[in-house]
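Data block below; observations after.
Each residue takes its place number in the sequence, starting with 1. No hydrogens, no waters, no symmetry mates; every other heavy atom, side chains included, goes into these values.
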Amino acid sequence: MAQENDYEVIVVGAGHAGSEAALASARMGCRTLLLTLNMDTLGYLSCNPAIGGVGKGHLVREIDALGGEMGKAADASGIQFRRLNMSKGPAARGLRAQVDRDLYGSYMKRILSTTARLHLRQSLVSKILVEGKMVQGVTDTTGESFFGKAVIITPGTFLRGLIHIGLVHFPGGRLGDLASEDLPESMRELGFTLGRFKTGTTPRLDRRTIDFSGLTVQPGDDPPMAFSFSTERITLPQVPCHITATSEKTHAIIRSGLDRSPLFTGIITGTGVRYCPSIEDKVTRFADRESHHVFLEPEGLDSVEYYPNGLSTSLPLDIQIKMLRSIRGLEEVEILRPGYGIEHDYSDPRQLFPTLETKAVECLYFAGQINATTGYEEAAAQGLMAGINAALKVQGRDSLVLDRSQAYIGVLIDDLVTKGTEEPYRMFCSRCEYRLLLREDNADLRLGKIGYGLGLVPEESYRRICGKEEHIDAERVRLRSARLNPRAEVNEKLAQWGTSAMKKTTTLEELLRRPEATYDRVIELAGIGSTLSEDERYQVELAIKYAGFVERQVHDIERFRHLEEIKIPNDFGYQAIPGLSNEVVQKLEKARPLSLGQASRISGITPAAIWTLMMHLRRKEPL
Ligand code: FAD
């Protein structure tokens with residue numbers, strides 16, 4: 001019988017990383033405790049009420065495929081879904097949903113508070129308890145201690161959070177929340193190196209004071225596509241967003257406030273998110289731009305709050321109001337909450353193994369914005385992996401590391417723990433080498449079986465994935481063998497598609513490779529019917545159309561895996577290898593890569609050093 005304050009896994013923080021970590025650990029059978037500063041803000045969306053986007057949507061679908069919750073929460077609270085980049089190739093497409101902020105939070109709260117083996121407590125954790133090199137638990141500001149075999153720390157923007165509105169600044173984890181002042185001190189005492197980053201958010205507007213007439217309406221997709229592979233349909237009413245823009249007048253107002261901007265007066269010293277700049281940054285950096293888009297996004301079906309996406313700012317409140325009122329549709333607008341910037345501590349992610357366990361303290365894991373990332377999706381992906389690995393470790397099972405050829409999640413974590421980052425890290429498709437294979441549409445086929453093996457994906461979903469694989473394979477075989485003769489009516493139809501006539505008998509597979517052909521067109525032309533679902537049709541079509549590229553990527557992956565599979569023991573003595581420079585030895589000793597592949601991605605590690613290492617490892621452990 002467990003003691004009252006004894007747990008297998010303790011998770012600190014119930015944002016996006018913490019929620020996924022706690023759910024994964026509890027679902028995998030661990031008695032789990034989730035400690036969080038405020039029980040009313042479980043899974044709270046600190047910034048804009050939206051999930052997904054290009055690259056980020058891939059992460060959400062991968063989280064879902066592995067048995068995480070973010071995709072289901074977005075489906076249950078989504079009020080506008082759009083697939084972005086539809087004019088580009090399938091690898092670059094990304095789903096984004098505008099969600100109802102309150103419904104998203106209440107969905108997460110319901111799931112977290114009804115999951116078996118998961119215990120929730122409101123508590124501000126101040127210290128990590130360690131004995132020798134092994135984590136023991138945590139203590140909170142009331143002096144109460146909680147003991148666990150593994151501890152996952154996910155405090156987001158709260159570590160020494162400092163909020164800035166103009167020249168006014170005060171401590172806070174986000175507006176309305178306390179900052180976590182003691183925890184970073186405890187981390188420092190344990191030897192962790194911390195840095196300082198900055199992010200910011202927009203003011204929130206009162207819908208009743210916005211004039212939508214004359215603004216461009218941006219509707220969502222109809223029908224909306226869901227994030228989760230298990231969501232049958234989106235049930236909430238769907239609403240449009242609106243588009244307006246800043247003007248020269250807006251920019252002049254912004255410039256007039258720069259002398260009271262914490263960013264431009266040097267008060268904020270943390271590095272900001274390059275890809276999500278504040279409006280004052282944009283106006284200064286792109287001085288020749290006459291206008292910047294502003295997307296007016298509803299915060300919820302019953303909410304009067306609107307989120308003006310594109311206007312993140314830490315300018316003084318009087319400038320925020322003037323700036324807003326210079327924008328079309330916002331002439332009479334009232335602010336409900338001010339925009340603000342926030343600086344916070346983060347921990348250098350190179351202090352972690354790819355399991356997200358810290359190198360300095362065994363069974364201690366860090367996940368989410370604490371690891372120098374920005375974004376809900378990046379945080380949730382890490383939380384899920386930390387939860388999985390903490391549970392596996394506690395249960396004495398092998399850890400799970402997804403590599404760069406398996407998932408965007410693998411790319412994210414490998415980038416962080418191997419290369420680190422000089423600025424808040426955000427996911428993009430361009431970070432992924434094998435993006436033609438790692439599409440958001442096939443995340444279930446790539447990762448569903450792994451999730452099932454962990455006990456996170458239910459039997460029913462597993463069966464669906466197996467069935468889908470079988471259907472796709474069988475259909476590819478059928479299209480490879482079915483042939484079409486160049487009859488007059490066939491060539492007539494091809495002319496209607498705008499493609500050249502067939503001169504000889506052709507397989508349906510060959511025909512489908514033509515740019516003008518789609519799966520449905522080919523099936524109809526051949527008159528052979530199909531029982532495939534829409535998703536399965538899409539998979540067959542992509543597999544055939546991109547077969548050449550896919551084959552090349554598969555070949556690249558085989559080469560990549562070769563180096564990944566050469567493991568380096570954690571206590572490997574680099575000093576003893578002749579031919580490695582002191583600089584290389586120091587870098588390898590600091591990074592402690594787990595494979596030759598990971599070693600090859602550390603900055604400053606030369607191909608010659610990798611060759612020397614490979615020769616040495618080969619001699620010790622023949623391949
Ligand atoms: P969070 O969601 O911050 O959750 C942290 C959790 O830990 C909270 O539940 C908190 O209560 C709890 N906690 C903290 N300390 C303790 C403690 N000591 N004890 C117990 N519980 C604790 N992302 C973008 O992608 N783009 C943006 O433009 C953007 N702008 C942002 C602007 C602002 C002002 C803020 C605050 C965030 C912004 N973000 C943005 C970041 C986004 O909110 C985070 O990346 C994401 O929420 C991180 O998730 P997380 O789980 O790591 O942490």
Would Phe264 and Thr284 count as a side-chain contact (heavy atoms from CB on, under 4.5 Å) if you check the C-alpha gap in whole Å, the side-chain angles of each, and the deciding distance to 0.1 Å?
-> CA-CA 10 Å; Phe264 287 83; Thr284 319; 3.4 Å; yes
Less than 4.0 angstrom from a charged side-chain N to a carboxylate O is my criterion; do [X] and [Y] meet it?
X	Y	result
Arg160	Glu185	no
Glu440	Arg83	yes
Asp415	Arg404	yes
Glu305	Arg207	no
Glu69	Arg27	yes
Lys72	Asp64	yes

Considering only heavy atoms from C-beta outward, does the side chain of [X] approach that of [Y] to under 4.5 Å?
X	Y	result
Ile327	Ser247	no
Lys88	Arg93	no
Phe227	Leu95	yes
Glu332	Asp211	no
Val361	Ile128	no
Arg325	Leu330	no
Leu45	Tyr104	yes
Phe366	Pro349	no

Could you measure the distance from the [atom1] atom of [X] to the [atom2] atom of [Y]? Nearest 0.5 Å is fine.
X	Y	atom1	atom2	answer
Thr209	Leu205	OG1	CG	7.0 Å
Leu364	Gln351	CG	CD	11.0 Å
Leu34	Leu23	CG	CG	8.5 Å
Cys47	Asn309	SG	CG	8.0 Å
Asn389	Tyr365	CG	OH	6.0 Å
His58	Cys432	NE2	SG	7.5 Å

Between [X] and [Y], a side-chain donor and acceptor under 3.5 Å:
X	Y	answer
Glu343	His164	yes
Thr374	Glu378	no
Gln382	Thr373	yes
Ser46	Arg174	yes
Asp140	Thr142	yes
Gln238	Asp222	no
Thr246	His251	yes

Check: [Y] main-chain N/O paired with [X] side-chain donor or acceptor under 3.5 Å:
X	Y	answer
Glu377	Gly52	yes
Lys282	Gly310	yes
Thr313	Leu315	yes
Thr265	Ser261	yes
Thr114	Arg110	yes

Give me the atom names and distance for the closest heavy-atom approach of [X] to [Y].
X	Y	value
Pro49	Pro298	CG-O, 4.1 Å
Glu280	Ser312	OE1-O, 3.8 Å
Thr154	Gly13	OG1-O, 3.0 Å
Ala22	Leu118	CB-CD1, 3.8 Å
Ala372	Phe197	CB-CE1, 3.5 Å
Ala76	Tyr107	CB-CD1, 3.6 Å

Go through the steps for Leu402 and Ile413 under the test side-chain contact (heavy atoms from CB on, under 4.5 Å), then give the verdict.
-> CA-CA 9 Å; Leu402 298 171; Ile413 295 178; over 6 Å; no
More than 12 non-hydrogen atoms from neighbouring residues, nucleotides or ligands closer than 6.0 Å to CZ on Arg188, yes or no?
->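 Atom CZ in Arg188 is crowded, with more than 12 foreign heavy atoms closer than 6.0 Å.
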Do we get Arg435 above Phe428's six-membered ring, with its NZ or CZ under 6.0 Å from the centre and within 45° of the axis?
->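 No, Arg435 does not sit over the ring of Phe428.
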If you draw the axis of the six-membered ring of Tyr346, does the NZ or CZ of Arg196 fall within 45° of it and under 6.0 Å from the ring centre?
->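 Not satisfied by the 6.0 Å and 45° rule.
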Contact list for residues 251-271, test salt bridge (charged side-chain N to carboxylate O under 4.0 Å, His left out), sequence neighbours left out |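 Every pair satisfying salt bridge (charged side-chain N to carboxylate O under 4.0 Å, His left out) with a residue in residues 251-271: Arg260-Asp318.
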After noting the C-alpha distance and the side-chain angles of Leu175 and Phe170, does the key distance pass the side-chain contact (heavy atoms from CB on, under 4.5 Å) rule?
-> CA-CA 10 Å; Leu175 203 58; Phe170 49 91; 3.9 Å; yes
Should Glu297 and Arg96 be marked as a salt bridge (charged side-chain N to carboxylate O under 4.0 Å, His left out) after you check the CA-CA gap, both sets of side-chain angles, and the distance that decides it?
-> CA-CA 13 Å; Glu297 303 175 340; Arg96 179 185 190 273; 3.2 Å; yes
side-chain contact (heavy atoms from CB on, under 4.5 Å) between Val333 and Arg208: does it pass, once the steps are laid out?
-> CA-CA 8 Å; Val333 83; Arg208 296 163 297 187; over 6 Å; no
